[in-house]
Amino acid sequence: HASFSQIDTCYQRLEFLGDAVLDMLIVGHIYEHNPNHDQGKMTDLLASLVCNTTLSKVCTKLQLHKSLLYDSLELYNVLARFYMNFEEDQLSTWCADLSLDRVFVSSVEHDTPDNIPIIDLENKVVQTPKLLGDLVESIIGAIYLDSGENLEKVW
């Protein structure tokens, strides 16, 4: 994270790249495997698959957030409040639910304590810290570069 000053680079450039790579891979997959979907349905499917909620589930399931380097009490508080809102069994259930019939809520755009995530599992409403999805995108960007820009290896 940019708050961690002991390293002179930040994940944000990789996040930018990973976002584009992820979109390209998912668009290709949707297009090839859903020949009967119209443009609107494909767009909705894409939005659902690459949204911050889905990426946050991936981040949480793989426990990537535990490897994040940051030096920000505010960021710590945002992440701690988000994860403390879940009971242990609820967290694994939330991560496992990749269904598309959920309510979309915008992500927390600014990771500050006054933006406490909304969690209402009964109605499938979970507002996640944007950082979690960004972390997944940055890893996708890093894999893309490390693989010699090989999309098949990223997939």
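Fair warning: this is a prediction, and the values are worked out from it, not measured in the lab. All residue numbers refer to positions in the sequence shown, counting from 1. Both backbone and side-chain heavy atoms feed into the values below; hydrogens, waters and symmetry mates do not.
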Undergrad: Specify the closest pair of heavy atoms between S56 and G133, including all atoms of both residues, with the distance to one decimal.
TA: OG-N, 3.7 Å

Undergrad: Between atom CG of L135 and atom CD1 of I140, what is the distance when rounded to the nearest 0.5 Å?
TA: 10.0 Å

Undergrad: Could you grab the distance from atom CG of D38 to atom OG1 of T43, nearest 0.5 Å is fine?
TA: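 If I round to the nearest 0.5 Å, the distance is 8.5 Å.
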
Undergrad: Nearest 0.5 angstrom please: I143 CD1 to E149 CD, how far?
TA: 14.0 Å

Undergrad: Answer with yes or no whether the hydrophobic clustering places L151 together with V50; edges join I, L, V, M, F, W, Y residues whose side-chain heavy atoms lie under 4.5 Å apart.
TA: yes

Undergrad: Can you name the nearest heavy-atom pair linking V154 to S147, along with the distance?
TA: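 Shortest heavy-atom separation between V154 and S147 comes out as CG2-OG, 4.2 Å.
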
Undergrad: Is the closest side-chain heavy-atom distance between K41 and L45 below 4.5 Å?
TA: no

Undergrad: Can you tell me if S138 uses its side chain to pair, donor with acceptor, with the backbone of R13 under 3.5 Å?
TA: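 Not at all, since once roles are kept as given, no pair shorter than 3.5 Å links the two residues.
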
Undergrad: Taking H29 for its side chain and L25 for its backbone only, find out whether a donor-acceptor pair lies under 3.5 Å.
TA: no

Undergrad: Distance from N52 atom CG to E137 atom CD, nearest 0.5 Å?
TA: 7.5 Å

Undergrad: Starting from F16, can I reach L14 by hopping between I/L/V/M/F/W/Y residues whose side chains sit under 4.5 Å apart?
TA: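 As far as the 4.5 Å side-chain criterion goes, F16 and L14 are not connected within one cluster.
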
Undergrad: Could you tell me whether K130 and E15 have a side-chain N and a carboxylate O separated by less than 4.0 Å?
TA: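 Salt bridge present between K130 and E15.
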
Undergrad: Measure the spacing between CG of L49 and CD1 of I30 and express it to the nearest 0.5 Å.
TA: 5.0 Å

Undergrad: Report the distance from atom CG of L22 to atom CD1 of I139, rounding to the nearest 0.5 Å.
TA: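 It comes to 12.5 Å.
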
